[in-house]
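Chain letters run A, B, ... following the sequence lines, proteins first and then strands; every chain starts at 1.
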There are 2 protein chains.
Amino acid sequence: MNNFLPNTATPVGTASSRVFDNLRKDLVGGRFVAGEKLAINALKERYQVGLSPLREALNKLAAYGLLIQENQRGFRVPKLSREELDDIAHMRLEMEGMALERAIANGDSLWEADLLAAAHRLKRADITLDKGEEWEHLHTQFHRTLVAPCGSVWLLRFIEQLHDQFDRYRRLGPKMPTIRQELDEQHHQLVELALKREAKAARELMDDHIHKSYEVALKRYQEHV
Amino acid sequence: MNNFLPNTATPVGTASSRVFDNLRKDLVGGRFVAGEKLAINALKERYQVGLSPLREALNKLAAYGLLIQENQRGFRVPKLSREELDDIAHMRLEMEGMALERAIANGDSLWEADLLAAAHRLKRADITLDKGEEWEHLHTQFHRTLVAPCGSVWLLRFIEQLHDQFDRYRRLGPKMPTIRQELDEQHHQLVELALKREAKAARELMDDHIHKSYEVALKRYQEHV
DNA sequence: GTAGGTTAAAAAATCGATTATCTTGTCTAA
DNA sequence: TTAGACAAGATAATCGATTTTTTAACCTAC
């Protein structure tokens with residue numbers, strides 16, 4: 001269930017892990033203002049947790065790249081920039097393309113089944129539910145499943161990290177995905193090509209898919225500045 | 001000076017940051033046994049630091065991938081495996097190759113100067129000094145400099161992380177680099193090709209360079225098991 | 001003997017309070 | 001005015017102690 005950081009057994013059930021998960025979700029989901037300084041006491045309230053587990057979670061998030069830690073000055077939400085968005089999108093192209101090709105080469109029939117299931121769940125998802133959180137979760141799951149059998153734990157880890165960073169842009173503001181139709185169509189085609197083992201075509205479609213997301217993210221970013 | 005985690009301002013001078021740096025160095029330098037469980041009280045002694053900053057450092061290292069955190073069971077040094085070594089080496093080929101090509105396309109004359117300087121320092125380094133730590137540091141610096149102007153903060157970050165992971169294998173045991181001569185020669189040629197902006201040839205040499213390191217690491221690993 | 005249960009010791013996680021550092025507003029002197 | 005010094009309050013970092021959970025040794029029943 002907890003697929004975060006592939007080769008890192010993340011604790012579950014502790015106060016520290018709870019606040020980590022929640023903070024991560026909130027940071028990725030855009031519920032903090034970029035650049036904002038985090039008031040630790042307020043966070044203690046918000047997440048109903050003591051100082052020690054909170055600080056441990058903040059430290060982890062800083063090492064992960066979702067927070068900036070400043071010398072004797074606490075923690076801050078990283079700023080957003082056009083340059084970084086471009087960087088992240090470009091890296092996603094490279095890494096997810098590579099992963100997809102390798103997944104298509106390695107994936108077995110269990111993978112095919114998982115992929116069909118993930119795509120189906122995503123398609124059926126009610127996007128108005130829980131402010132879109134449900135859809136976002138299934139969307140993440142779909143993309144995870146797609147590249148899962150790429151054979152590299154580290155590649156998967158980096159992709160996960162880039163997704164989180166990318167979502168800080170894509171999910172700016174309260175809005176939900178607007179181009180649902182097109183995305184669903186692309187997801188469907190990605191599955192088709194994966195099952196047919198057409199690596200080259202699949203990669204091209206993935207490039208296109210990421211590019212489309214990039215345009216959404218860029219628009220959100222520009223509206224937000 | 002502190003180039004760790006490119007876009008994360010890491011605090012300096014705090015107890016937490018000191019123990020983080022030292023622990024990282026010791027983990028990468030192979031001064032812990034892979035799979036070993038860390039006794040927190042012993043670490044308190046060893047690094048002369050209180051519990052809170054120590055735990056914060058451990059949490060950061062777990063998020064970074066140099067430690068495994070287990071549910072209510074503390075921290076553990078990740079195991080080593082042939083599969084992971086192959087994964088890391090393969091990812092290094094992809095990522096550093098990509099970074100080098102982009103650095104060669106972007107790098108200005110300041111970079112050329114930095115590169116020459118870094119290569120020179122590395123060549124002049126006394127490898128017997130400080131158990132090879134000095135040489136290791138300059139070696140890291142050289143490779144950092146080589147890819148620095150690649151234009152992607154995230155790519156640099158991933159490369160740094162992979163280097164640390166790779167060194168857990170390459171630096172197994174107390175031994176110092178044995179193939180100094182060959183490495184120096186390759187470093188020299190890398191600079192040459194970079195200055196001549198021969199991206200393709202440089203990348204091929206880099207592949208070869210990483211492959212050579214891989215063979216060393218693999219041998220160390222096999223002797224160590 | 002061995003599986004299952006109990007418990008004492010050890011270790012991890014968390015809390016509350018203390019110490020150190022930074023921030024802000026005010027005052028003074030040029 | 002305004003730059004710099006200072007003090008008071010706020011915040012971050014750290015410590016020592018408490019609580020919770022795990023580990024391991026022991027016991028008992030089969």
Quiz prompt | Whole-Å distance separating the CG atom of B:N71 from the P atom of C:dA12 | solution = 13 Å
Quiz item: The side chain of B:T14 lies closest to which of these nucleotides: D:dA13, C:dT14, D:dC15?
Solution: D:dA13
Quiz item: Does a side chain donor of either A:Q161 or B:W154 reach within less than 3.5 Å of an acceptor in the other side chain?
Solution: no
Self-check item: Phosphate contact (C:dA13 OP1 or OP2) by B:R55 side-chain N/O below 4.0 Å
Solution: yes
Practice problem: Using whole Å, report how far CD of A:E56 lies from C1' of D:dA12. | Solution: 16 Å
Quiz item: Among C:dA13, D:dT14, D:dA13, which is the nearest nucleotide to the side chain of A:Q72?
Solution: D:dA13
Self-check item: Whole angstrom value for the distance that separates P of D:dT14 from CZ of B:F20
Solution: 14 Å
Quiz prompt | A:W111 side chain to A:T145 backbone, donor-acceptor under 3.5 Å | solution = yes
Quiz item: Rounded to whole angstrom units, what separation is found between the CD atom of B:E70 and the P atom of D:dT22?
Solution: 12 Å
Exercise. Taking only the side-chain heavy atoms of A:R73 (C-beta and beyond), determine which of D:dG16, C:dA13, C:dT23 contains the nearest atom.
Key: C:dT23
Quiz item: Using a cut-off of 4.0 Å on non-hydrogen atoms, how would the nucleic acid contact of A:I40 be classed: base, sugar-phosphate, or nothing?
Solution: sugar-phosphate
Self-check item: Verdict with reasoning, B:L146 to B:M206, per side-chain contact (heavy atoms from CB on, under 4.5 Å)
Solution: CA-CA 11 Å; B:L146 196 56; B:M206 179 65 104; 3.6 Å; yes
Quiz item: Whole-Å distance between D:dG16 P and B:N41 CG?
Solution: 13 Å
Quiz item: Rounded to the nearest Å, what distance is computed from the CG atom of residue B:L51 to the C1' atom of nucleotide C:dC15?
Solution: 12 Å
Quiz item: Taking atom types as modelled and ignoring hydrogens, do the side chains of B:R102 and A:H90 form a donor-acceptor contact shorter than 3.5 angstrom?
Solution: yes
Quiz item: What is the distance from CG of A:L58 to C1' of D:dT14, rounded to the nearest Å?
Solution: 16 Å
Quiz item: When all nucleic acid strands are considered with a 4.0 Å heavy-atom cut-off, which category describes B:L54: base, sugar-phosphate, or nothing?
Solution: nothing
Quiz prompt | Sugar-phosphate, base or nothing in reach of A:L38, heavy atoms under 4.0 Å | solution = sugar-phosphate
Quiz item: Any chance the rings of B:H209 and B:H143 have centres within less than 6.0 Å?
Solution: yes
Self-check item: DNA chain D: 5'-proximal contact among B:Q48 and B:K37 (nearest heavy atom)
Solution: B:Q48
Practice problem: Could you state the atom-to-atom distance from CZ of B:R18 to C1' of D:dT14 in whole Å? | Solution: 11 Å
Quiz prompt | B:S52, nearest nucleotide to its side chain (from C:dC22, D:dG16, C:dT14) | solution = D:dG16
